[in-house]
Each structure stands twice: as C-alpha cells, then as structure tokens.
S.K.: 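Attaching a single structure in structure tokens format; questions to follow.
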Amino acid sequence: MTGWGSASVRIGDDVAWTADESRVVALDLAQPGASPLVLESTSAVIWEEIAIRGPIQVDELLGLLAQTFDVRVDEIRSDVDSLLAELRSRRLLAG
C-alpha cells in the first residue's frame with residue numbers, strides 16, 4: 001500500500017510486544033495460532049517510533065525517520081509504506 005500520507009497509525013489494542021537493543025517481537029493476541037513477528041534493524045526503529053509517539057501520522061513518521069537516518073523522505077517512503085502495510089495486514093497496527 002502506498003500513499004498513507006496523513007493517515008495515522010498506532011499499535012493495535014490486542015498486540016503484545018517486547019524489545020531489546022536490536023529487535024522487536026510482536027504478536028496479535030486476538031489471532032489464535034498467530035506467529036510472532038520479529039522486527040530487526042530499521043523495522044525495529046520504526047516500531048519503536050510508533051510505540052513512543054502513536055498514534056502518529058505517517059507523514060510525521062517519515063519525517064522523523066528521514067531525519068534519524070539522514071535520508072530524503074522519498075528515498076524511504078516505499079519501504080516504510082510496505083512495512084506498515086504488512087504490519088497492518090497482520091493486525092499489529094491499527095489506524
């Protein structure tokens with residue numbers, strides 16, 4: 001999914017997660033038999049930003065990430081949109 005723009009995202013209500021220095025493990029507790037998802041590296045940073053600031057508008061999230069990683073928003077938009085779409089399809093994100 002592309003073009004989230006002004007949509008906001010947050011961690012889902014039924015999601016349990018834990019983190020250490022380099023990874024996040026998240027699980028949708030409302031889905032019997034669901035497998036946990038492990039996020040590492042940049043994906044873990046994105047999750048942590050959503051956890052700290054959520055609900056957060058995707059454009060704001062992109063701006064924060066661009067500043068953190070010293071890149072242009074248009075360089076990361078597609079990858080971030082793809083990750084957010086995957087997290088939403090697994091019901092880990094709401095919004």
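Along the sequence shown, residues carry numbers from 1. As the structure is a prediction and not an experimental result, all values here were calculated from the model.
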S.K.: Report the distance from atom OG of S41 to atom CD1 of I46, rounding to the nearest 0.5 Å.
M.R.: 9.0 Å
S.K.: Just verifying a value: how many Å separate L62 CG and Q67 CD, rounded to the nearest 0.5 Å?
M.R.: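 Going from the CG atom of L62 to the CD atom of Q67 covers 13.0 Å.
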S.K.: side-chain contact (heavy atoms from CB on, under 4.5 Å) between W17 and I11: does it pass, once the steps are laid out?
M.R.: CA-CA 10 Å; W17 63 280; I11 295 173; 3.7 Å; yes
S.K.: Should V25 and L37 count as side-chain neighbours, where that means a heavy-atom distance under 4.5 Å?
M.R.: no
S.K.: What distance separates L61 CG from T68 OG1, expressed to the nearest 0.5 Å?
M.R.: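 With rounding to 0.5 Å, CG (L61) is 9.5 Å from OG1 (T68).
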S.K.: Taking C-beta and beyond as the side chain, do W47 and L87 meet within less than 4.5 Å on heavy atoms?
M.R.: yes
S.K.: Is there side-chain contact between V58 and L84, with at least one heavy-atom pair below 4.5 Å?
M.R.: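 They are in side-chain contact.
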S.K.: Got a salt bridge between D59 and R77, using NZ or NE/NH1/NH2 to carboxylate O under 4.0 Å?
M.R.: yes
S.K.: Does E75 have more than 12 heavy atoms from other residues, nucleotides or ligands lying within 6.0 Å of its CD?
M.R.: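 Above 12, so yes.
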S.K.: With the side chain counted from C-beta on, respond yes when V24 and T18 share a heavy-atom pair under 4.5 Å apart, and no when they do not.
M.R.: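 The answer is no; the side chains never approach within 4.5 Å.
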S.K.: Quick one: CZ on R90 to OG on S35, what's the gap to the nearest 0.5 Å?
M.R.: 7.5 Å
S.K.: If you compare all heavy atoms of L65 against all heavy atoms of E49, which two are closest, and at what distance to 0.1 Å?
M.R.: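 Nearest pair, atom of L65 first, then E49: CD2-CG, 4.5 Å.
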S.K.: Would you name the heavy atoms of R10 and P55 that are closest together and state the gap between them?
M.R.: CB-CA, 3.9 Å
S.K.: Can you confirm whether T42 sits close enough to F69 that some side-chain heavy atom of one is under 4.5 Å from a side-chain heavy atom of the other?
M.R.: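 They are in contact (side-chain heavy atoms under 4.5 Å apart), so the answer is yes.
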S.K.: If you round to the nearest 0.5 Å, how far is CD of Q57 from CG of L64?
M.R.: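 Atom-to-atom, L64:CG and Q57:CD are 11.5 Å apart.
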S.K.: Might you point out which heavy atoms bring A34 and L27 nearest each other, and give the distance in Å?
M.R.: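 Closest approach of A34 to L27: O-CD1, 3.4 Å.
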S.K.: To the nearest 0.5 Å, what is the distance between CG (L39) and CD (E48)?
M.R.: 10.0 Å
S.K.: Under the side-chain contact (heavy atoms from CB on, under 4.5 Å) criterion, do Q31 and L29 qualify, and how do the steps go?
M.R.: CA-CA 5 Å; Q31 293 290 322; L29 298 175; over 6 Å; no
S.K.: Quick one, V80 and S78 - any side-chain contact, counting heavy atoms below 4.5 Å?
M.R.: no
